[in-house]
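Each remark here refers to the structure printed beneath this line.
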Amino acid sequence: MQALRLARQSTTAVLRTTTPGQRKCLATATVNHTHLGATTSSSASSSSGRIAPIPISNIEAQWEKFSSDEKISVHEQLEVLQQKDWKELSLDEKKAAYYVAFGPHGPRAPTSKPGDGLKIFLSTVALIGAAGVVFLGVLSISPPPPKTMTKEWQEASNERAKEMKLNPITGITSEGYQGKGYVQSK
Amino acid sequence: MRANILNTVLRTAARPAVAARTARTTPILARYASGHAQESFESFSDRYVKFFQNAEDLFEVQRGLNNCFAHDLVPSPAVVEAAVRAARRVNDYATAVRIFEGVKEKVENKSQYEAYVQELKPLQEELGLSLKDELYPSS
């Protein structure tokens, strides 16, 4: 974001190079846009294939839907507009000029929509919850732990180990032994 | 044969000179760890003011802006003014607005940006430039 981009230059260049091929499908392209009904008929009937001027107020809402021909036409309009004294430009014209060049479309489109963070958070919570449900379900149908996993059994094991003098150097029967021996269950 | 002799003569003639030159130019105890001379902020500003004054088309202005804003410093108001005037010369309103956005990104805090805007207020009024905050107050 901090570096200024050359997007406008490159898009206009690309659009201009693709123009001849796309002018041919002008009629079909503009028919899809019913909100341009008045301009569609005039541009389709004109032999040169030029599009009638597109109103540039509120261009933010329409820009994504424009065909490349319409975008070229807007670019050309704005180019002429920006040659005027900038004090004469209306707010709409200024906004259109800025939006077309640096607005959040094309390479500058934001990668996430508003509300995406909440959606991601909720689905993560749901997944963790599902994992918990699976864990508890498996736990409820699993057999009980073996009899050796009780405190009594393990204390008895300790006594037996002391009786047998197991590991007298470092282990359970060594001098001053502080550990728990075999006890691991509570 | 003659070429050979000439070659030897030239070589012997050249050798002391080379040796002398290296001895003279080798600096004592000068170790350039990071090589290059540092450009001062003033000369940076001068360089870019001149660049923007001479920029002829939109591509060049935007290329200069990319380079200028890629350094670890905020371009001085003189550079910003020259850039905005360059944008005016190439008739690109959007780039002029974008320059101020770039300044906003580069400064450390809001008050610095306000200071830039205050400093360049006369320029804005002269050219009829509204900033992005004025175009899109909500965002």
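No hydrogens, no waters, no symmetry mates; every other heavy atom, side chains included, goes into these values. A, B, ... follow the sequence lines: proteins, then strands. Residue 1 opens every chain. Keep in mind that what you see is a predicted model, and the values were worked out from it rather than measured.
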Report, one line per pair, each donor and acceptor closer than 3.5 Å where one atom sits in a side chain of residues 176-186 of chain A; sequence neighbours left out.
residue, atom, partner, partner atom, Å
A/Tyr177, OH, A/Gly181, N, 3.2
A/Ser185, OG, A/Met149, O, 2.8
A/Ser185, OG, A/Gln154, NE2, 3.1

Considering only distance and modelled atom types, tabulate donor-acceptor pairs under 3.5 Å from the side chains of residues 111-124 of chain A, sequence neighbours left out.
residue, atom, partner, partner atom, Å
A/Asp116, OD2, A/Lys113, N, 2.9
A/Ser123, OG, A/Lys119, O, 2.7
A/Ser123, OG, A/Ile120, O, 3.1
A/Thr124, OG1, A/Ile120, O, 2.6

Query raised in the report: If you count the non-hydrogen atoms of other residues, nucleotides and ligands that lie under 6.0 Å from CG in A/Leu139, is the total more than 12?
Result: yes

Query raised in the report: Which residue out of A/Lys84, A/Glu93, A/Gln83 racks up the most heavy-atom pairs below 4.5 Å with chain B?
Result: A/Gln83

Query - Distance (rounded to the nearest 0.5 Å) between B/Leu131 CG and A/Tyr98 OH - result: 10.5 Å

Requested in this report: Please state whether the side chain, the backbone, both or neither of A/Asp85 comes within less than 4.5 Å of a heavy atom of chain B.
Outcome: both

**Report entry** Smallest separation among heavy atoms of A/Lys95 and B/Leu135, with atom names
**Finding:** CE-O, 3.3 Å

Query raised in the report: For B/Glu108, does the CD atom have more than 12 heavy-atom neighbours from other residues, nucleotides or ligands under 6.0 Å away?
Result: no

Report task. Could you tell me whether the side chain of A/Leu81 reaches within less than 4.5 Å of the side chain of B/Tyr93, counting heavy atoms only? Result -> no

Query raised in the report: Which members of residues 112-127 of chain B, sorted by number, sit under 4.5 angstrom from chain A on a heavy-atom basis?
Result: B/Glu125, B/Glu126, B/Leu127

Query raised in the report: Within a radius of less than 6.0 Å around CD of A/Glu64, do more than 12 heavy atoms belonging to other residues, nucleotides or ligands occur?
Result: yes

Report task. Would you give the length of the straight line joining atom CD of A/Gln82 to atom OG1 of B/Thr95, rounded to the nearest 0.5 angstrom? Result -> 8.0 Å

Report task. Kindly write out the residues that satisfy side-chain hydrogen bond (donor to acceptor under 3.5 Å, both in side chains) with B/Glu39, not counting sequence neighbours, or none if the list is empty. Result -> B/Arg47

Query - B/Asn91 and A/Glu79: CA distance, side-chain angles, deciding distance, side-chain contact (heavy atoms from CB on, under 4.5 Å) verdict - result: CA-CA 8 Å; B/Asn91 296 321; A/Glu79 237 167 71; over 6 Å; no

Requested in this report: Could you tell me whether the side chains of B/Tyr136 and A/Glu60 share a donor-acceptor contact shorter than 3.5 Å?
Outcome: yes

**Report entry** B/Ser130 to A/Lys94 - nearest heavy-atom pair and separation
**Finding:** OG-NZ, 2.8 Å

Query raised in the report: If you look at every heavy atom in B/Ala94 and A/Ala97, which pair is closest and at what distance?
Result: CB-O, 3.5 Å

